[in-house]
A.B. asks: 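Okay, here's the structure, questions in a sec.
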Amino acid sequence: MKENKQDLMQEIVAFLKSRGFVFPSSEIYGGFNGVYDYGHYGYLLLENIKKAWMKSMIQERNDVLALDSGIFMHPMTWKASGHVDTFNDPQVDCKHCKTRFRADHILEKFGINADKQGLDFLNTELDKLRAEKKLVCENCGKAELTEAKVFSLMVKSNLGSPTDALSEENVVYLRPETCGGIYLEYKNTLDSLHPKLPFGMAQIGKAFRNEIVTKQFVFRTREFEQMEMQYFFNPKALEGKATEEHFEDWKNYRMNFYYEYGIDRDSLKWYKHEKLAHYASDAYDIEYKYKMLGDDFKELEGIHARGDWDLSQHSKFSGKDLSYFDEETRERFIPHIIETSAGVARTMLAFIDNAYTKEEVKEGEERIVLKLDKRISPVKVAIFPLMKKEELVNPAREIWKDLSKKYFCEFDTSGSIGKRYRRQDEIGTPYCITFDYESLEDNSVTVRDRDTMSQERIKIVDLRKYLEEKFEF
RNA sequence: GCGGUGUUGGUUUAGUGGUAGAAUACCUGCCUUCCAAGCAGGGGACAAGGGUUCGAUUCCCUUACGCCGCACCA
């Protein structure tokens, strides 16, 4: 099992590199830890996943609005959110065996609740334990633990003038999550688009974290992309839903997204957070069982009830009124929030993990197929002339030209026809169209299906209609 | 971050103190054509830096990156 896990992971990583999906960053300089680059097909796949998310979250709802906010934000943003002061892991090292622990975890073992506490508190408590000679290394047993130190997960920039940059008070950070932008543009959105509660704001974008450890391919990276939505509602609405109902609705809606795009139901499950942030009332994660990780479940998306904490904090720090006046209840209040937050790369990897299939085609011969949902396949249609002869190549190219106006298409003349089919199977192209000698006579082409490998003869004039039906969602 | 281990064409790998072979992929030509056919030809690699040595891809050190375990994951 362990060997399988490693093998499949390495196999898929090599596959994604050799087929132009995912490259390690800066490889010609020896590599750069914690960042990955996406090649042609990887980019197309990511775009399709993001489009699918936007369609589901915005286009097919009438209560969620789009946003694209900056990566740089006012420094106060992260003070209000608590990131500057608490978005870090206070660490304690053992001088003897070099093992590193989280300070709050050590204290919790002694029954001291140290969650989200400042350094002073942690060190005072650690000192007390040290004085009682209780503070020993869990690993080697020696009493040589250092004091708690902070490793900030926030990525600093040197934006601004040199004098500004020197001031600790005005450090500009790269956003560690995208939702901050939503809170900051909540008021402008309310004032310009006048949505009524309940409504949501959604955005996709990059975020940055100075992770101490980055491992397991694209699972934990320092630069990553998020798809986030914040849903604002009145928890006391007379006619409306209660918080729990909103929460259940969003849980179902998000889980259905993965079902609808073809992820196996058995590979998805809920994880309930037992330890909640002090402002949160409920928190669940959607987890996916990665075959390439030896069937380990890993977080895909979080759905969290955040109360009115975020808007209250930003209201307090900015001095601006972020409340909402409910015509129905004649009440003014700070809306509560349910957040859905998914990682783009993890989602992509889950789709690939789920779609990566090896099939026996003939005796002892297998093919690799990416059985992706048609809607997210990087390339929709590939067009081949049966042979590399002018009389076949030219009309085939005309078909490619026409279909390319509507779909992402490839045109390939190299190698045997079988080889070209296999190549498209590997990148998940749902349909291959072959123009042969017969086509010159009957104005028809062969359409070959990725999953069944079956073929149909279709009139060239009917191709658009045929594909439209196939891609009808 | 700690410990272990590794790094040879795009990918998968063989091998060596005297600068390397293969499979596959790719390109060209011929031929063939509906599921990775054949023939001929071609381009392509010892992670980086330093040391030992007449000579280092090979031995030693450092760094980078990967993998496994531990720890960590707002």
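These values consider heavy atoms only, across backbone and side chains, with no hydrogens, waters or symmetry-generated copies. Naming: A, B, ... by sequence-line order, numbering from 1 per chain.
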A.B. asks: How many whole angstroms separate atom CD1 of I427(A) from atom C1' of A25(B)?
C.D. replies: 15 Å
A.B. asks: Dot-bracket notation for RNA chain B is requested: 5' to 3', Watson-Crick or G-U wobble pairs only, both distances under 3.5 Å, with ( ), [ ], | and . as defined.
C.D. replies: (((((((..((((....[..)))).(((((.......)))))....(((((..]....))))))))))))....
A.B. asks: Determine whether a donor-acceptor pair (one donor, one acceptor, N or O, separation below 3.5 Å) exists between the side chain of N33(A) and the base of C65(B).
C.D. replies: no
A.B. asks: Using a heavy-atom cut-off of under 4.0 Å over every strand shown, decide if E365(A) touches base, sugar-phosphate, or nothing.
C.D. replies: sugar-phosphate
A.B. asks: Do you know the tightest heavy-atom contact between S439(A) and T434(A)?
C.D. replies: OG-O, 4.3 Å
A.B. asks: Compare the minimum distances between each of C27(B), U33(B), C35(B) and the side chain of M453(A), then state the nucleotide with the smallest one.
C.D. replies: C35(B)
A.B. asks: Are K17(A) and U11(B) close enough that a side-chain N or O sits under 4.0 Å from OP1 or OP2?
C.D. replies: yes
A.B. asks: So what does K389(A) hit on the nucleic acid, given a heavy-atom distance under 4.0 Å: a base, only sugar-phosphate, or nothing?
C.D. replies: nothing
A.B. asks: In whole angstrom, give the distance that lies between atom NZ of K388(A) and atom C1' of G29(B).
C.D. replies: 9 Å
A.B. asks: What integer number of Å spans the P atoms of A14(B) and G6(B)?
C.D. replies: 13 Å
A.B. asks: Using atom CG of D7(A) as one end and atom C1' of C68(B) as the other, report the distance to the nearest whole Å.
C.D. replies: 13 Å
A.B. asks: Using a 4.0 Å cut-off on heavy atoms, which residues in residues 221-230 of chain A reach RNA chain B? List them by number, or say none.
C.D. replies: none
A.B. asks: Could you check whether K79(A) makes a cation-pi contact with F317(A), meaning its NZ or CZ is under 6.0 Å from the centre of the six-membered ring and within 45° of the ring axis?
C.D. replies: no
A.B. asks: Distance check: side-chain N/O of S416(A) vs OP1/OP2 of A37(B), anything under 4.0 Å?
C.D. replies: yes
A.B. asks: By nearest atom, which of the nucleotides C26(B), C35(B), U11(B) is closest to the V361(A) side chain?
C.D. replies: C35(B)
A.B. asks: For the residue pair Y431(A) and K374(A), confirm or rule out a side-chain donor-acceptor distance under 3.5 Å.
C.D. replies: yes
A.B. asks: When rounded to the nearest Å, what value does the distance between C1' atoms of U58(B) and G21(B) take?
C.D. replies: 16 Å
A.B. asks: With hydrogens left out and only the distance checked, is there a donor-acceptor pair under 3.5 Å joining R420(A)'s side chain and the base of C34(B)?
C.D. replies: no
A.B. asks: Using the C1' atoms only, state how far G17(B) lies from G3(B), rounded to an integer number of Å.
C.D. replies: 31 Å
A.B. asks: Of the listed nucleotides (U11(B), C35(B), C67(B)), which one gets closest to any side-chain atom of S18(A)?
C.D. replies: U11(B)
A.B. asks: For I368(A) and for M387(A), find the nucleotide of RNA chain B with the closest heavy atom, then tell me which residue's nucleotide is more 5'.
C.D. replies: M387(A)
A.B. asks: We want to know whether Y183(A) and Q230(A) form a side-chain donor-acceptor pair, criterion being a heavy-atom distance below 3.5 angstrom.
C.D. replies: yes
A.B. asks: Which whole number of Å gives the distance between the P atom of A22(B) and that of A45(B)?
C.D. replies: 14 Å
A.B. asks: Round to a whole Å and report the spacing from CG of L392(A) to P of C34(B).
C.D. replies: 12 Å
A.B. asks: Taking the C1' atom in each of U8(B) and A23(B), what is the distance between them to the nearest angstrom?
C.D. replies: 14 Å
A.B. asks: Within 45° of the axis and under 6.0 Å from the centre of the six-membered ring of Y284(A), does NZ or CZ of K251(A) qualify?
C.D. replies: yes
A.B. asks: Round to a whole Å and report the spacing from CD of E359(A) to C1' of C35(B).
C.D. replies: 12 Å
A.B. asks: Classify the angle between the aromatic ring planes of F232(A) and Y186(A) as parallel (below 30°), tilted (30 to 60°) or perpendicular (above 60°).
C.D. replies: tilted
A.B. asks: When the P atoms of C46(B) and G9(B) are considered, how many whole Å apart are they?
C.D. replies: 8 Å
A.B. asks: Would you mind reading off the distance between R422(A) atom CZ and C26(B) atom C1', rounded to a whole angstrom?
C.D. replies: 19 Å
A.B. asks: Expressed as a whole number of Å, how far does the P atom of G41(B) sit from that of C67(B)?
C.D. replies: 40 Å
A.B. asks: W78(A) vs H83(A) aromatic rings, parallel, tilted or perpendicular, using cut-offs 30° and 60°?
C.D. replies: perpendicular
A.B. asks: Evaluate the ring planes of H246(A) and F233(A), with Trp represented by its six-membered ring, and classify them as parallel (under 30°), tilted (30 to 60°) or perpendicular (over 60°).
C.D. replies: tilted
A.B. asks: Could you measure the distance from the OH atom of Y41(A) to the CG atom of L46(A)? Nearest 0.5 Å is fine.
C.D. replies: 15.0 Å
A.B. asks: Donor-acceptor check, side chain of H74(A) to backbone of M76(A), threshold 3.5 angstrom: yes or no?
C.D. replies: yes
A.B. asks: Using atom P of each nucleotide, how far apart are C2(B) and G55(B) to the nearest Å?
C.D. replies: 35 Å
A.B. asks: Please report, rounded to the nearest Å, how far the C1' atom of U11(B) is from the CZ atom of F21(A).
C.D. replies: 15 Å
A.B. asks: Hey, does R19(A) reach any base, or is it just sugar-phosphate, or nothing, if we go heavy atoms under 4.0 Å?
C.D. replies: nothing
A.B. asks: Start at the 5' end of RNA chain B and walk down; is the nucleotide closest to V13(A) or to R457(A) reached first?
C.D. replies: R457(A)
A.B. asks: Provide, to the nearest angstrom, the distance between the CD atom belonging to E27(A) and the C1' atom belonging to U7(B).
C.D. replies: 11 Å
A.B. asks: Taking atom types as modelled, is there a side-chain donor on S69(A) or E185(A) under 3.5 Å from an acceptor on the other?
C.D. replies: no
A.B. asks: Select one nucleotide: of C35(B), C34(B), C26(B), the one nearest the side-chain heavy atoms of R423(A).
C.D. replies: C26(B)
A.B. asks: Under 3.5 Å, is there a donor-acceptor pair between the side chain of K380(A) and the main chain of S404(A)?
C.D. replies: no
A.B. asks: Which part of the nucleic acid, if any, lies within reach of D436(A) when heavy atoms closer than 4.0 Å are counted: base, sugar-phosphate only, or nothing?
C.D. replies: base
A.B. asks: Can you check whether any acceptor in the base of A36(B) is under 3.5 Å from a donor in the side chain of E426(A), or vice versa?
C.D. replies: yes
A.B. asks: Determine whether any donor atom in the side chain of R367(A) lies under 3.5 Å from an acceptor atom in the base of C35(B), or the reverse, and answer yes or no.
C.D. replies: no
A.B. asks: Between G10(B), C34(B), U28(B), which nucleotide gets closest to the side-chain atoms of I417(A)?
C.D. replies: C34(B)
